[in-house]
2 protein chains.
Amino acid sequence: MTDSIDLSAKFADWQAVGLDATQCPIRDVLDQLGDKWTTLIVIALAAGARRFSALNRQIPDISKRMLTQTLRDLERDGLITRHVFPTKPPSVEYQLAPLGRSLLDPLATLIGWSERHHAEIKQSRSRFDASID
Amino acid sequence: MTDSIDLSAKFADWQAVGLDATQCPIRDVLDQLGDKWTTLIVIALAAGARRFSALNRQIPDISKRMLTQTLRDLERDGLITRHVFPTKPPSVEYQLAPLGRSLLDPLATLIGWSERHHAEIKQSRSRFDASID
DNA sequence: CGGTATCCCGAGGGATACTG
DNA sequence: CAGTATCCCTCGGGATACCG
């Protein structure tokens with residue numbers, strides 16, 4: 001069994017409300033997932049709870065600023081939880097909430113597709129760029 | 001059977017190459033899918049071939065400029081094909097290539113998730129925002 | 001350690017006007 | 001009709017410095 005829905009039918013529904021950004025899940029949810037760091041952080045947390053600086057090390061080129069902000073957005077959406085341990089140097093741990101874990105499978109499906117077709121896409125890009133004399 | 005892959009294992013692989021943007025499918029493929037208009041256009045084309053202005057009407061708030069650009073990127077990646085009919089007023093038709101159609105299922109899975117949890121996410125956002133006194 | 005607070009730049013993307 | 005060409009401006013996000 002699949003989770004597949006009829007995209008064309010859904011699109012028709014959303015068109016009926018003018019593709020309003022707050023009512024259309026594509027725009028209200030996927031726009032968040034589609035930002036520069038969100039999926040990377042969710043995947044990093046798939047293996048278990050991680051501390052702030054551990055995440056920062058696992059994703060080398062994210063700045064503390066964007067890590068903080070993206071984690072906060074994920075917490076706001078209920079995808080992750082944040083636990084503060086009142087140790088002398090404070091320590092904060094992030095982990096996937098049930099909602100966040102439920103995202104892993106759909107995400108894995110999409111990333112599986114990306115991986116399988118990555119080479120093909122890169123080839124297509126090369127051909128396209130070469131054809132522009 | 002599922003297309004699911006082990007995200008944690010994959011993440012470890014990608015970390016090994018420093019999450020390099022050109023080698024990591026998350027960054028090289030999903031960043032494109034995650035832009036403002038790509039998924040919307042793919043879904044609009046799920047129902048069949050569409051002409052430029054038809055797409056423009058179906059997605060009301062996209063500009064011709066961004067529609068052109070996003071369609072070109074999709075063509076470059078091999079997800080859609082472009083057919084020009086040499087009529088008196090030129091007419092151009094876009095449709096999903098096999099590669100693009102193969103994306104529909106993974107996309108439907110993710111959008112299905114978004115739809116099922118949209119209300120829950122909006123609630124979480126409200127609670128979070130309210131808790132910031 | 002786990003953030004905030006600033007400053008700042010470049011790209012994404014809207015509006016408008018023109019063209020084959 | 002299906003774009004291109006400009007102009008312009010917002011804002012995502014990097015760099016740096018500071019704080020409890």
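In what follows, chains carry the letters A, B, and so on, assigned in the order in which the sequence lines appear, proteins first and then strands, with residues in each chain numbered from 1. Computed over heavy atoms, backbone and side chain alike; hydrogens, waters and symmetry mates excluded.
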Measuring to OP1 and OP2 of [N], would you say a side-chain N or O of [X] lies under 4.0 angstrom away?
X: B/Arg65; N: C/dA17; answer: no
X: A/Arg51; N: C/dG2; answer: yes
X: A/Lys64; N: C/dC1; answer: no
X: A/Ser53; N: C/dG2; answer: yes
X: A/Arg50; N: C/dG2; answer: no

Which of these nucleotides, [options], is closest to any side-chain atom of [X]?
X: B/Pro89; options: C/dG3, C/dC1, D/dC1; result: D/dC1
X: B/Asp35; options: C/dT4, C/dG13, D/dG3; result: C/dG13
X: A/Phe52; options: D/dG13, C/dG3, D/dT4; result: C/dG3
X: A/Arg82; options: D/dG20, C/dG3, D/dA2; result: C/dG3

task = Between B/Ala54 and A/Ser63, just flag the one whose closest nucleotide in DNA chain D comes earlier from the 5' side.
result = B/Ala54
task = Under 4.0 Å between any heavy atoms, over every strand shown, what does B/Lys36 touch: base, sugar-phosphate, or nothing? Just pick one.
result =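 Sugar-phosphate contact only.
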query = Reckon B/Tyr94 touches a base, only the sugar-phosphate, or nothing at all at heavy-atom distances under 4.0 Å?
reply = sugar-phosphate
